[in-house]
Every structure is written in C-alpha cells, then in structure tokens.
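Each chain gets a letter, A, B and so on, in the order its sequence line appears, and its residues count up from 1.
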Protein chains: 2
Amino acid sequence: MKEIQTKILLGDSKDILKTIEDNSIDLIITSPPYADSRIKTYGGIHPNDYVKWFLPITKELLRVLKSTGTFILNIKEKVVNGERHIYVLNLIIEMRKQGWLWTEEFIWHKKNAYPGKWPNRFRDSWERLLQFNKSKKFKMYQEEVMVPMGDWAKDRLRHLSDRDKTRDNSKSGSGFGKNVSHWLKRDKVYPTNVLHLATECNYKNHSAAFPETLPEWFIKLFTLENDWVLDPFVGSGTTLFVAQRMRRNSIGIDIVPEYYEMVKKKINPIDNYLL
Amino acid sequence: MKEIQTKILLGDSKDILKTIEDNSIDLIITSPPYADSRIKTYGGIHPNDYVKWFLPITKELLRVLKSTGTFILNIKEKVVNGERHIYVLNLIIEMRKQGWLWTEEFIWHKKNAYPGKWPNRFRDSWERLLQFNKSKKFKMYQEEVMVPMGDWAKDRLRHLSDRDKTRDNSKSGSGFGKNVSHWLKRDKVYPTNVLHLATECNYKNHSAAFPETLPEWFIKLFTLENDWVLDPFVGSGTTLFVAQRMRRNSIGIDIVPEYYEMVKKKINPIDNYLL
DNA sequence: GTTCCGCATGAATCGATAG
DNA sequence: ACTATCGATTCATGCGGAA
C-alpha cells in the first residue's frame with residue numbers, strides 16, 4: 001500500500017500555489033473567505049474587490065489542475081445594501097474567460113441555517129457549490145456516491161445495509177463500498193445536484209466552514225485512492241483530514257499561522273510519532 | 001366583497017405590456033420560456049440571444065410594477081456544450097442596470113426531479129426563483145407563510161430553555177422590550193429561502209411550468225386580497241387560477257392562441273355563464 | 001444503557017446611533 | 001452624506017449531565 005502524503009503550507013495562496021507542479025492535482029475543493037467576513041483572520045476583502053482579489057488565484061488553480069480534474073468552489077454572495085451582491089456572478093464570468101468551464105452548480109442546502117428575522121428576507125439556508133473543469137472529459141465516479149432508494153428500501157435491506165454502511169462510512173476510509181455487490185447497488189439511486197447537509201455546530205470546539213461530509217462526498221465522486229486533493233484556503237483543515245482518512249494525497253494552504261500550526265499538529269499524528 | 005378580475009390577453013408580452021398602467025401591479029410571477037426549449041410554441045430563443053430578447057420585457061415589467069411590489073422570476077440555465085450557460089447571470093447583471101434591485105435568490109428544490117442518467121452530471125433537481133424589487137421598501141407578509149417547527153421540536157417537547165427566553169433580556173437589562181409571546185407556546189417558524197415542492201405530474205395540461213403551490217406561496221407572501229398579480233408568460237394559466245382562488249386580481253399574457261383559448265375557458269366560468 | 005433536557009453557538013442582516 | 005459599530009432578532013444541532 002502506497003504511503004499517503006498530507007501537506008500543509010503556510011502563506012498566501014497566490015504565491016504558494018506557484019510552487020505546485022503543472023497538471024498535478026485531481027480535485028480542488030475549497031471555501032474561500034467570504035467577502036467582507038472573517039475580518040480578524042483574513043483582513044476582509046470588500047465585495048467590490050472580491051473578483052480582482054480571487055482571479056490571480058484561480059489562474060494558478062487552473063494551471064495545477066489535471067485536465068481530467070475538477071474544481072469545487074463553495075461560495076455565497078453577501079447581502080449589501082439590501083441586495084445580493086453580484087461578485088459571484090462576475091467571478092463565474094471572469095473565470096470562464098480564464099479558460100475554466102462552468103460545468104455545474106450544486107446546491108448545498110444547509111438544514112440548520114443561521115437564525116434571525118428581518119422585515120424583508122428570510123434566513124439564508126443554501127450555498128453554491130460551483131463545479132469548474134478544465135476540459136469536458138473530467139473523471140467522475142458516480143457509483144461511489146449512490147444513495148439508498150428510499151425509506152421503504154432501507155427497511156427491506158436493513159441487515160445488508162448495515163454491512164454496507166460499515167464499509168461506506170468507515171472512518172478509516174479504506175475504499176468505500178467497492179466490494180458491495182452489484183445486486184445491492186441496484187437498490188441504490190444516483191443522487192441529484194442538491195445536497196442536504198447540516199453545518200457542524202460544535203458545542204465547544206471552534207468550527208469549520210463546511211462539515212466533513214461535504215469534502216467527503218466530492219472526494220468520493222471525483223477521485224480515487226492515491227489521487228491528489230488541494231484546498232488553497234484550508235482553514236481548520238477539514239479537507240485535509242478527510243482526504244487523509246480516505247487515502248488521498250492532499251495539500252492545504254492557509255495564510256493564518258494559527259490555522260497552520262493547528263492543522264500541522266492534527267495531520268497524521270501516527271507518522272509524526274514514528275519519526 | 002369586491003369583485004375579482006381575471007384577465008387573459010393574447011399577444012407578445014413586449015407589446016401587450018404597454019397597455020398596462022404604470023405602477024399598477026403588486027406581484028409579477030412568471031416562468032418564461034426557457035432558452036432553446038418549447039420550440040414549437042415560442043420559436044425557441046437561442047441561449048446567446050436570450051438576454052437581448054428578455055430585456056425589453058423586463059423594462060416594461062419595471063414600469064408596471066408598484067414601488068412596493070415584487071417580481072419573482074423562475075428560471076434555470078440550460079446546459080450548452082457541456083457547460084451551464086451564463087445567460088441567467090448576464091440577465092441579472094443587465095436587469096440591475098435597468099434599475100431592478102436583485103433582492104434575493106430563492107431555491108426551488110424539486111423533490112421529484114426528472115429522471116435520467118448522464119456520464120458527467122447528476123439529475124438537475126433545483127431551479128432559481130429570483131426576487132427583484134423596485135425599491136427596498138417592498139411589502140412582505142411573512143406571517144402568511146410560516147411553517148410548522150422542525151422535527152427536533154417534537155422530540156424535545158417544544159420546551160424552550162430559560163436562557164433562550166431571557167438571553168437578550170439579561171443583556172439589555174430592561175426586560176421590557178422583548179416580545180416574549182413570540183416564543184411561548186409557539187409551534188410555527190418562519191421559512192427559509194429554500195422551497196421544497198414537488199413538480200406536478202400533470203398529464204392534462206400542455207406545459208405546466210410550475211406547480212400551484214409555487215405561485216400560491218409567493219402570492220401569500222407578497223400580496224393581500226384585491227391586489228394585482230401579473231404573469232407575462234402565463235402558459236397553461238396556473239398563476240391566474242391560483243390568484244383567482246385566492247381573491248387577487250390578475251392579468252395573464254401569452255402569445256400562443258391555444259393557451260389563450262384554453263385559459264379563457266377555464267377562468268371564472270361562473271361569470272361567463274351569467275353573461 | 002436509554003431518554004430527556006439545558007446550554008452554547010453558528011460564513012447573518014437590519015436599523016439606529018455615533019463619528 | 002457616508003461609513004463604522006452595536007443591539008436585537010432567531011432556529012437547528014451536538015454535547016453533557018440528569019432522570
């Protein structure tokens with residue numbers, strides 16, 4: 001079994017990405033700092049400057065991605081002056097000019113949206129998961145993310161589903177459901193482009209931008225074991241931990257030293273011990 | 001009780017809208033012909049020409065809408081050449097230049113999406129419901145669309161923690177300004193901006209763009225009885241029938257004579273009989 | 001061992017107030 | 001007039017301790 005590498009790099013993605021080889025990454029998945037938010041940690045990019053700030057980074061991402069690879073961008077526009085700002089729309093348009101293909105837009109339906117009440121809007125309970133590709137012939141392993149057909153099917157297959165589950169959700173991450181028999185697969189259906197996930201709402205620990213199930217789903221869908229995953233705004237490290245568990249090589253970048261140190265300690269503690 | 005008017009007009013919205021008074025409509029809700037589809041009925045607008053085709057119409061819609069009114073646009077971009085086309089993004093950007101405010105984007109999650117399988121994408125099970133306004137001070141009747149609390153409440157006996165009841169009271173110290181009655185004995189909550197509606201399997205109608213629950217929800221949310229509702233691409237007439245049932249005045253426009261005749265027969269048959 | 005209940009908290013937004 | 005700060009509002013979830 002090949003050794004899995006998990007790297008965390010400290011610095012500005014715009015610069016650090018330059019050290020990564022051309023056409024070397026299979027999946028980029030990230031949740032960049034949202035405009036004008038996380039002011040304390042990232043400095044807060046103004047919505048009007050957001051596209052200009054992000055485009056040099058997407059240019060590098062385009063370079064390091066394999067032609068068969070995929071870029072998943074988790075983003076949502078803020079309300080500015082009572083309106084949804086259009087920086088995400090402009091970003092998509094500009095990225096296409098760079099050469100990206102805007103293949104699909106998944107919806108992340110956040111089941112536990114932030115509370116609040118306003119006279120003119122409801123709680124925002126969804127975010128965009130934009131899929132970009134370098135070519136039309138990207139790799140996609142649809143069978144890996146098939147879901148049980150429905151509750152009636154779940155009941156009917158309870159014993160077998162349990163066995164399947166232990167493989168599928170195994171935290172050790174060695175091959176999910178690869179050994180599941182064909183007839184069992186027939187009771188599963190392909191998912192849609194709407195993902196229903198709750199945000200992780202930690203009681204005491206600081207939380208991540210997205211729940212582990214989110215990168216897990218896309219890593220299953222777009223990569224195989226020993227493939228390379230990249231998160232240029234890795235933050236608290238969710239993408240790296242999931243990739244490592246699932247036996248994918250991964251690179252995380254973050255500009256905040258505190259995140260860098262925290263992630264470094266948490267990745268691959270066994271290897272550290274052995275060394 | 002005031003008489004409710006339900007009008008159906010035959011012709012091109014671009015022209016017919018000119019016969020409607022300035023600032024006279026409370027809610028516009030429509031599902032325009034999608035680019036490159038409905039070829040037999042609408043002539044099939046090519047995605048590249050879509051914005052240019054639609055903008056003269058949105059200009060008229062801006063004129064006829066009251067300053068307190070709302071425009072709900074149900075739309076979804078097609079896949080062209082393996083990519084999501086950007087005409088919807090461009091449309092939003094251009095409509096803002098016309099003076100529209102892009103207040104919000106609701107998601108219509110279609111629970112029973114059209115089946116199918118493709119090698120490089122999953123079933124598309126959502127559409128955009130873009131909310132545009134003429135001014136920030138539009139009317140919104142949020143209480144009309146409140147929904148039952150989530151399942152978690154059932155398990156937890158709907159008992160609110162003391163801290164939730166007093167969280168803000170203790171901060172302000174006055175214990176006076178807060179409306180505690182909102183929290184006590186409450187069983188309903190405000191919805192979010194994600195709507196879960198099944199598409200109607202309607203064999204009888206030619207082209208049911210959306211299920212009745214969709215216009216119903218927005219009519220409840222944005223209008224009162226005797227207000228005026230407009231659908232410039234009324235198709236099989238769903239918007240008109242719902243508006244009439246809910247005692248809202250309404251105007252529907254369609255360019256297809258068959259739709260016009262069909263809708264005309266179905267609206268207010270009692271009045272027709274009396275005449 | 002279960003179930004029940006209290007508590008903290010989260011990629012938020014509006015309107016008023018202050019500089 | 002324009003920008004920065006602050007208080008008020010609100011619901012689903014996971015953890016931890018109690019019954």
Would you say A:Arg123 reaches C:dA12's phosphate, i.e. side-chain N/O to OP1/OP2 under 4.0 Å? no
Picking from D:dA12, C:dT13, D:dT10, which would you name as closest to the side chain of B:Met149? D:dA12
So, applying salt bridge (Lys or Arg N to Asp or Glu O under 4.0 Å) with A:Glu127, which one of A:Lys78, A:Lys110, A:Lys76 is it? A:Lys110
Under 4.0 Å between a side-chain N or O of A:Asn120 and OP1 or OP2 of C:dC14? yes
Which sits closer to the 5' end of DNA chain C, A:Asn74 or A:Val80, going by the nucleotide each is nearest to? A:Asn74
Rounded to whole Å, the NZ-P distance (A:Lys111 to D:dT10) equals 24 Å
Does the side chain of B:Lys136 pick up a donor-acceptor pair with the side chain of A:Asn81 at under 3.5 Å? yes
From C-beta outward on B:Val189, which listed nucleotide comes closest to its side chain: D:dT9, D:dA12, C:dG10? D:dA12
Residues two or more places apart in sequence or in another chain: which of them pass side chain to side chain contact (heavy atoms under 4.5 Å, CB included) with B:Lys111? B:His109, B:His196
Please convert DNA chain C into dot-bracket. A pair counts if it is Watson-Crick or G-U wobble with both distances under 3.5 Å; crossing pairs go in [ ] and bases paired with another strand get |. .|||||||||.||||||||
Figure out the OH/C1' separation between A:Tyr34 and C:dG10, and round it to whole Å. 13 Å
Using whole Å, report how far CD of A:Glu77 lies from P of C:dT13. 10 Å
Per atom distances to the A:Pro119 side chain, the nearest of C:dG15, D:dA12, C:dT13 is C:dG15
Whole angstrom is fine here: how far is it from CH2 in A:Trp126 over to C1' in C:dA12? 15 Å
Comparing A:Asn112 and A:Arg121 on DNA chain C - which has the more 5′ nearest nucleotide: A:Asn112
Kindly say if A:Arg84 contacts the phosphate of C:dT13, meaning a side-chain N or O under 4.0 Å from OP1 or OP2. yes
For the residue pair B:Tyr190 and B:Glu143, confirm or rule out a side-chain donor-acceptor distance under 3.5 Å. yes
In terms of the angle between their ring planes, are A:Trp217 and A:Phe106 parallel, tilted or perpendicular, with boundaries placed at 30° and 60°? perpendicular
Proximity to the side chain of A:Val79 - top-ranked nucleotide from D:dT13, C:dC14, D:dT10: C:dC14
Roughly, in whole Å, what's the span from CD in B:Glu143 to P in D:dT10? 10 Å
B:Arg248 bridged to B:Asp227 by N-O distance under 4.0 Å: no
Rounding to an integer number of Å, can you tell me how far A:Lys110 NZ sits from D:dT10 P? 19 Å
Is the ring centre of A:Tyr87 less than 6.0 Å from the ring centre of A:Phe54? no
In whole Å, what is the span from the CH2 atom of A:Trp118 to the C1' atom of C:dC14? 9 Å
Please state how far atom CG in A:Asp124 lies from atom P in D:dA12, giving the value in whole angstrom units. 15 Å
